[in-house]
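Working notes for the structure below.
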Amino acid sequence: MGWFTRWFGTRYYSLLYGHRDAGEALAWVEAILGRWELGVGAEVLDLACGRGRHTRLFADRGMKMTGVDISRTSIEEARKQVPEASLFVHDMREPLAENAFDAACCLFTSLGYFDDREDDHRVFRAVFGCLRPGGRFVVDFMNTERVLRELVPEEKLVREGVTFEI
């Protein structure tokens with residue numbers, strides 16, 4: 001397994017990305033639901049759901065939520081945040097269920113960590129197998145041209161006495 005199996009859910013991940021909050025997640029959820037026309041009770045898969053920020057907001061809007069994440073720590077936190085959701089430790093490259101969801105989302109740039117591009121393809125195949133006919137899948141992914149144009153080559157952040165060299 002890759003480094004990502006150990007990184008997500010750690011104290012350091014929380015320090016670096018803890019500022020990502022429900023307000024930021026709300027913008028995504030509202031944009032998605034505004035375009036998808038999902039009715040109350042629609043079954044939605046939150047892929048790489050982390051601590052459940054998006055899962056919570058979808059559930060608040062009447063969606064029946066399932067969330068998966070490779071981090072046991074993240075899933076434990078998500079279970080506290082969204083106890084009514086079905087939440088599992090699961091590798092998103094592996095199929096979860098066949099024709100079980102009306103929609104799926106993978107938010108906060110959760111793809112692209114694998115050493116082999118075929119693993120990204122496995123994710124898409126697994127998700128498409130989970131979707132019912134007519135189901136939709138949204139992936140949050142960085143705009144390559146913008147990143148190449150605006151990326152800061154190196155950055156140093158200090159949070160609670162921990163130095164991150166990015």
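These numbers come from a predicted model, not from an experiment.
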Test item: D69 side-chain N/O and G50 main-chain N/O as donor-acceptor pair under 3.5 Å: yes
C130 and its side chain to side chain contact (heavy atoms under 4.5 Å, CB included) partner, picked from L47, L96, N99: L96
Whether R132 side chain and A100 backbone form a donor-acceptor pair below 3.5 Å: yes
Exam field: side chain D102 to backbone E43, donor-acceptor pair closer than 3.5 Å: yes
Within 6.0 Å of CZ in R149, more than 12 heavy atoms from elsewhere: yes
Worked check of side chain to side chain contact (heavy atoms under 4.5 Å, CB included) between E84 and K64: CA-CA 9 Å; E84 70 273 27; K64 184 176 177 188; over 6 Å; no
Heavy atoms from other residues, nucleotides or ligands near CD of E154 exceed 12 (cutoff 6.0 Å): no
Exercise: identify the closest heavy-atom pair between M63 and G39: CE-O, 3.5 Å
H54 side, atom NE2; I32 side, atom CD1 - distance, nearest 0.5 Å: 7.0 Å
Heavy-atom donor-acceptor pair, H90 side chain to E94 backbone, under 3.5 Å: yes
Distance in Å, D140 CG paired with C105 SG, rounded so as to fall on 0.5 Å steps: 10.0 Å
Verify same cluster id: L131, V68 (apolar side-chain graph, 4.5 Å): yes
Side-chain donor or acceptor of R56 paired with backbone N/O of Q81 under 3.5 Å: yes
Joint hydrophobic cluster, L87 plus V89, side-chain heavy atoms closer than 4.5 Å: yes
Over 12 foreign heavy atoms within 6.0 Å of CD, E37: no
Pair R122 + D119: basic N to acidic O under 4.0 Å: yes
Hydrophobic cluster identity match, F128 and M92, side-chain contacts under 4.5 Å: yes
Intermediate values then yes/no, side chain to side chain contact (heavy atoms under 4.5 Å, CB included), M65 and D46: CA-CA 7 Å; M65 295 303 300; D46 188 354; 4.0 Å; yes
Closest contact, heavy atoms only, F101 versus V44: CD2-C, 3.8 Å
Derivation and outcome, salt bridge (Lys or Arg N to Asp or Glu O under 4.0 Å), residues R125 and E118: CA-CA 10 Å; R125 285 192 298 272; E118 176 56 26; 2.3 Å; yes
ILVMFWY cluster, V82 and F88 together (side-chain gap under 4.5 Å): no
Heavy-atom closest pair, residues R61 and L26: NH2-CD1, 3.0 Å
